[in-house]
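Below is one structure; the comments refer to it alone.
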Amino acid sequence: MNPAASSNAGVPAWRRRTPAQQRWAWLGWMIAALVFAAGWQLVSENTIWAFAADAPTAGWDMISRMWPPRWSYVDRLWAPLWDTLNIATLGTAIGAVIAVPIAFLAARNTTPSRIALRPLALAIIVSSRSINSLIWAMLLVTVVGPGVLAGIIAIALRSIGFIGKLMYEAIEEVDVRQVEAVTATGASRPQVLAYAVVPQILPAMVGTTVYRWDINIRESTVLGIVGAGGIGLPLAASVDRLAWPQVTVIFAAILATVFVAEWVSHRVRQALI
């Protein structure tokens with residue numbers, strides 16, 4: 001069935017697909033089936049099914065080794081947890097500061113040049129969003145060395161694209177009537193941005209930044225696996241030593257941190273709505 005124009009009562013009217021539309025629909029399903037079959041064949045060729053069949057037994061054995069947790073290990077997690085929070089918070093703040101001007105350059109209604117500056121800003125946003133924080137961290141550890149600094153820069157580079165994209169979309173959706181009203185008073189371009197555009201996008205900017213901080217809390221917990229600091233460092237060390245009771249405690253600490261971050265971000269976004 002194919003949707004047609006709405007009726008006078010506002011209820012959508014429906015009509016059967018034409019033969020051409022039915023052929024295109026079947027062609028789409030056939031292509032999807034072929035892609036699935038090719039992907040499944042690739043997975044099958046590169047999977048050792050004997051290991052896969054033994055996965056439930058191995059998984060249950062690992063879980064049994066993780067219990068009971070070694071709660072005394074909690075005292076050694078406060079410093080890594082603090083590093084994780086610092087990585088997420090400082091990385092988000094740096095990313096937001098850089099993302100705001102890039103968003104104004106990327107938005108059609110605020111960019112000074114649609115030919116040169118806008119494509120450059122969009123390229124920065126796309127490049128940032130295309131590379132995961134963990135990959136950024138792997139690259140930065142080789143540049144600035146292992147530690148918290150690499151994690152902060154990795155989170156910041158990843159946050160630029162996320163915040164910048166949502167910000168420039170919010171800028172393009174501002175009410176033009178307010179912009180025209182301020183412009184009619186003889187205000188300069190910076191004054192128009194300050195008094196007509198920024199007040200409209202400020203809630204979106206703060207909400208997006210807080211939301212990205214919430215995401216970065218989760219991402220920063222694993223950056224230590226590649227040497228970028230945080231609670232991922234003791235996690236990787238415990239897994240390497242097969243200290244599964246310690247891994248359970250680290251998982252519990254990460255879960256509690258994420259819950260607190262989720263509550264904080266929810267309260268902040270709720271206050272802005």
Side-chain angles (χ1 to χ4, degrees), residues 46-48 51-52 54-95 128-162 209-266:
N46 294 276
T47 300
I48 302 177
F51 289 169
D54 191 51
T57 302
W60 180 252
D61 179 68
M62 184 182 69
I63 293 174
S64 64
R65 294 173 185 271
M66 295 174 69
W67 196 266
R70 183 186 170 190
W71 295 113
S72 60
Y73 189 68
V74 172
D75 293 336
R76 301 175 59 180
L77 297 180
W78 297 117
L81 275 176
W82 179 246
D83 289 341
T84 298
L85 292 173
N86 285 330
I87 290 172
T89 304
L90 294 177
T92 305
I94 294 172
S128 171
R129 295 176 61 244
S130 300
I131 303 177
N132 190 272
S133 300
L134 193 61
I135 300 177
W136 280 120
M138 291 174 61
L139 298 175
L140 289 165
V141 164
T142 63
V143 176
V144 301
V148 174
L149 179 60
I152 292 173
I153 300 175
I155 291 295
L157 291 175
R158 175 66 170 172
S159 300
I160 290 172
F162 183 92
T209 303
V210 173
Y211 180 52
R212 184 64 218 184
W213 174 78
D214 183 21
I215 297 174
N216 287 339
I217 290 290
R218 295 168 172 81
E219 294 194 355
S220 60
T221 58
V222 298
L223 296 185
I225 295 176
V226 296
I231 200 170
L233 285 173
L235 175 61
S238 297
V239 172
D240 290 341
R241 295 199 305 268
L242 303 181
W244 300 115
Q246 294 179 187
V247 173
T248 305
V249 176
I250 295 172
F251 282 172
I254 293 174
L255 184 62
T257 304
V258 170
F259 269 123
V260 173
E262 177 69 25
W263 179 82
V264 171
S265 63
H266 173 72

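As the structure is a computational prediction, the values presented were derived from the model and not from experiment.
To the nearest 0.5 Å, atom CH2 of residue Trp71 and atom CD of residue Gln246 are 12.5 Å apart. In this structure, OG1 in Thr209 is found 12.5 Å from CG in Asp214, a value given to the nearest 0.5 Å. Taking CD1 of Ile225 as the reference point, atom CG of Leu134 lies at 7.0 Å (rounded to 0.5 Å). Between atom CD1 of residue Ile217 and atom OG1 of residue Thr221 there is a gap of 9.0 Å, rounded to the nearest 0.5 Å.
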Check your understanding: How far apart are the C-alpha atoms of Thr248 and Trp67, what are their side-chain angles, what is the distance that settles it, and do they pass the side-chain hydrogen bond (donor to acceptor under 3.5 Å, both in side chains) test?
Key -> CA-CA 8 Å; Thr248 305; Trp67 196 266; over 6 Å; no
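Applying the salt bridge (Lys or Arg N to Asp or Glu O under 4.0 Å) rule to Arg212 yields the partners Glu219; only residues at least two apart in sequence or on another chain are considered.
The shortest heavy-atom contact between Ser238 and Val247 is CB-CG2, 3.8 Å. Heavy atoms only, all atoms of each residue included: Ile155 and Ser133 are closest at CD1-OG, 4.1 Å. Across Ser128 and Ser159, no two heavy atoms sit closer than the pair OG-N, 4.4 Å. For the pair Gly145 and Ala150, the tightest heavy-atom approach, listed with the atom from each and the gap, is O-CB, 3.7 Å. Minimum heavy-atom separation, Leu81 to Ala253: CD1-CB, 4.1 Å.
For the side-chain contact (heavy atoms from CB on, under 4.5 Å) with Ile231, the qualifying choice from Leu85, Leu223, Thr84, Thr257 is Thr84, the only one to do so. Considering Val222, Leu77, Ile250 in turn, Ile250 is the only one that fulfils the side-chain contact (heavy atoms from CB on, under 4.5 Å) rule with Leu235.
Counting heavy atoms from C-beta outward, Trp82 and Asn86 have side chains that approach closer than 4.5 Å. Side-chain contact between Val148 and Ile152 is present, with heavy atoms from C-beta onward closer than 4.5 Å. Side-chain contact between Ile215 and Thr92 is absent, with no heavy atoms from C-beta onward closer than 4.5 Å. Within the 4.5 Å cutoff, the side chain of Ile131 has no heavy atoms near those of the Arg158 side chain. For the pair Trp136/Ile153, no side-chain contact is recorded, criterion being any heavy-atom separation below 4.5 Å from C-beta on.
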